[in-house]
J.: 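Structure incoming, see below.
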Number of protein chains: 2
Amino acid sequence: MSATDDFIAAKDDFISQWGALGTSWGISRTMAQVHALLMISPESISTDQCMEELQISRGNAHTNLKELVGWGLVRIVVKKGERKEFFEAEKDVWKIFTIVLRERKRREIDPAVELLKGCAERSKHVKSAEGKAFHEQMNELQDFAVFASAVGETISRLKYGPAIKYADKFLGMLPKDKTIG
Amino acid sequence: MSATDDFIAAKDDFISQWGALGTSWGISRTMAQVHALLMISPESISTDQCMEELQISRGNAHTNLKELVGWGLVRIVVKKGERKEFFEAEKDVWKIFTIVLRERKRREIDPAVELLKGCAERSKHVKSAEGKAFHEQMNELQDFAVFASAVGETISRLKYGPAIKYADKFLGMLPKDKTIG
DNA sequence: CTCATGTTTCAAAAATTACTGAAAGTATCC
DNA sequence: GGATACTTTCAGTAATTTTTGAAACATGAG
């Protein structure tokens, strides 16, 4: 088997397995596959190419491409002389990470903070032992969620360089000698 | 409306909305609700109490309680004189966080590292420009995933105190004057 | 051993989520 | 304007995930 065959197999594997992983990240299989396809495409691709490569319908391709644009993980590119839209993915790994981090914070942490705040507030004046325990637990969860949200926010604003420096300095770790971002 | 009414409403709200949030965290609504219920229960509860409070079937209650035990978020308690099992949740917020962090790393990052490693390996000897770009991208993603995995691992081993100290020192933030964990 | 109490499993049903394909909508060109 | 090229929406369908309820399985007491 040639190196090229291996490469083609690896490419297909990457797309299909990245899709499978997507489901454990809370996004749909197809959205993750579209993202995978775009991340490894040297050229920007059209909706039709996306449909073709992944064997999916136009509606599906369209929805997922636009959702990725909504996340900020994919940009629309207009080519001169062409009427259709082309799409290209953000390829910088640190940027991808910060985008995903910010989005997950927004979807997963911020609503929890709101909920906890409300629950803490409404149990503030309760006298029973059970009530006090509830209020206390809501406060602890809220404090943590607020803290996590702030940490996420700060990290997501960091450039790759400073981030890696912090990680190295305080956790004593660095990915070999490589530049990641 | 009395403080007690507010408290009851807040409790119900917490359980139902924590459940809804659960779906955006990649766990089922019911598992999150069971977790919510246990987190705010001063006493350990039985499968039957769980079924009763959440109005769910025995199979469902059982499966989710055991899954939470599997995560390490819930412990089985045996009461003397009682034949049935009771369940109680870990209430320490930092411990909950480290458990969830470790589990998510295991499910969401580690499999990605494996995939990326394989794809990088199989595209190592490819000569084409497209192939080199693919190989390069796999390497960058892999380096980042390995790095993230290591950071997650390190944080999950930290006690609350040191963690908060790091966060404070390097990101300049602390949740007011509170102890969280 | 047998009954009573509790736990576990699992096939079928229900609920949720994702996908298709075609029709409607927009924009550009001639 | 009309024709063409492309984008967007969405009702219906398909796939997946979750839940039920009942049967099978355990365990301890008498």
Side-chain angles (χ1 to χ4, degrees), chain A residues 15-38 43-71 73-88 107-108, chain B residues 15-38 44-71 74-88 107-108:
Chain A
I15 292 173
S16 89
Q17 291 197 235
W18 194 258
L21 282 171
T23 59
S24 78
W25 302 333
I27 63 174
S28 85
R29 186 193 323 296
T30 305
M31 180 167 153
Q33 285 185 345
V34 172
H35 185 223
L37 172 64
L38 284 166
E43 301 296 328
S44 60
I45 71 172
S46 65
T47 305
D48 293 76
Q49 286 171 294
C50 181
M51 292 165 62
E52 170 67 21
E53 295 263 7
L54 304 178
Q55 292 292 305
I56 58 176
S57 71
R58 180 172 304 282
N60 198 11
H62 176 262
T63 305
N64 284 295
L65 283 165
K66 283 301 163 86
E67 185 141 7
L68 285 164
V69 171
W71 276 61
L73 290 167
V74 167
R75 279 178 295 273
I76 296 172
V77 178
V78 185
K79 292 190 181 174
K80 41 188 170 185
E82 293 266 16
R83 252 164 87 180
K84 40 166 163 294
E85 293 182 327
F86 288 77
F87 300 87
E88 76 180 8
R107 300 177 165 216
E108 302 183 6
Chain B
I15 292 173
S16 88
Q17 291 198 232
W18 195 258
L21 282 171
T23 59
S24 78
W25 303 332
I27 64 174
S28 84
R29 186 191 326 295
T30 305
M31 180 167 152
Q33 286 184 343
V34 172
H35 185 223
L37 173 63
L38 284 165
S44 61
I45 72 172
S46 65
T47 305
D48 293 76
Q49 287 173 292
C50 181
M51 291 165 62
E52 168 67 22
E53 295 262 7
L54 303 178
Q55 293 291 306
I56 58 176
S57 71
R58 180 172 305 283
N60 199 9
H62 176 262
T63 305
N64 284 295
L65 283 165
K66 283 300 161 87
E67 186 141 10
L68 285 164
V69 171
W71 276 60
V74 167
R75 280 177 295 272
I76 295 172
V77 178
V78 186
K79 292 190 181 176
K80 42 187 170 185
E82 292 267 16
R83 250 163 90 182
K84 43 166 163 297
E85 293 182 328
F86 288 77
F87 301 88
E88 75 178 11
R107 300 177 167 215
E108 303 182 7

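Every heavy atom of this structure was used, including side-chain atoms; hydrogens, water molecules and symmetry mates were not.
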J.: Does anything in residues 22-36 of chain A reach DNA chain C, meaning a heavy atom under 4.0 Å, and if so which residues?
T.: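 Listed by number, they are A/Ser28, A/Thr30.
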
J.: For a 4.5 angstrom cut-off between non-hydrogen side-chain atoms, does B/Val77 reach B/Phe87?
T.: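 Of all side-chain heavy-atom pairs linking B/Phe87 with B/Val77, none is under 4.5 Å.
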
J.: Can you list everything that forms a side-chain contact (heavy atoms from CB on, under 4.5 Å) with B/Glu82? Sequence neighbours excluded, please.
T.: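 Residues passing side-chain contact (heavy atoms from CB on, under 4.5 Å) with B/Glu82: B/Lys79, B/Lys84, B/Phe86.
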
J.: Under the side-chain contact (heavy atoms from CB on, under 4.5 Å) rule, collect the residues that match up with B/Glu108, sequence neighbours excluded.
T.: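 Partners of B/Glu108 under the side-chain contact (heavy atoms from CB on, under 4.5 Å) test: A/Ser24, A/Trp25, A/Arg104, B/Arg104.
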
J.: Could I get the full list of side-chain contact (heavy atoms from CB on, under 4.5 Å) partners for B/Ala36, not counting sequence neighbours?
T.: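 Expected list: B/Phe14, B/Ile15, B/Trp18.
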
J.: Taking 4.0 Å as the cut-off, does a side-chain nitrogen or oxygen of A/Lys84 come that near to OP1 or OP2 on D/dT7?
T.: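 False: A/Lys84 side-chain N/O out of range (4.0 Å or more) of D/dT7 OP1/OP2.
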
J.: At under 4.0 Å between heavy atoms, which parts of nucleotides 24-30 of chain D does protein reach? Answer with one letter per nucleotide, 5' to 3': B base, S sugar-phosphate only, - none.
T.: ---B---

J.: Pull out every residue in residues 50-60 of chain A that has a heavy atom closer than 4.0 Å to any atom of DNA chain D, ordered by number, or say none.
T.: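 Under 4.0 Å from DNA chain D: A/Arg58, A/Gly59.
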
J.: Under 4.5 Å between any side-chain heavy atoms of B/Thr30 and B/Thr63, yes or no?
T.: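 No; the side chains remain at least 4.5 Å from each other.
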
J.: Sequence neighbours left out, what pairs pass salt bridge (charged side-chain N to carboxylate O under 4.0 Å, His left out) with at least one residue falling in residues 45-66 of chain B?
T.: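 Found B/Asp48-B/Arg58, B/Lys66-B/Glu85.
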
J.: First contact, last contact: which nucleotides of DNA chain C are these for chain A, 5' to 3', heavy-atom distance under 4.0 Å?
T.: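 First-to-last contact on DNA chain C, by the 4.0 Å heavy-atom rule, is C/dA18 to C/dT28.
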
J.: What distance separates B/Ile56 CD1 from B/Asn64 CG, expressed to the nearest 0.5 Å?
T.: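 Rounded to the nearest 0.5 Å, the CD1-CG separation comes to 6.5 Å.
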
J.: Please list, chain by chain and in numerical order, all residues satisfying side-chain hydrogen bond (donor to acceptor under 3.5 Å, both in side chains) with B/Ser46, sequence neighbours excluded.
T.: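 B/Gln49.
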
J.: Can you tell me the distance, in whole Å, between the CZ atom of A/Phe87 and the P atom of D/dC6?
T.: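 Rounding to the nearest Å, CZ of A/Phe87 and P of D/dC6 are 13 Å apart.
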
J.: Who are the side-chain contact (heavy atoms from CB on, under 4.5 Å) partners of B/Arg107, not counting sequence neighbours?
T.: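 Only B/Glu67, B/Trp71, B/Glu103 meet the side-chain contact (heavy atoms from CB on, under 4.5 Å) criterion with B/Arg107.
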
J.: Check the distance between D/dA5's P and A/His62's NE2 and give it to me in whole angstrom.
T.: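 Rounded to the whole Å, the gap is 19 Å.
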
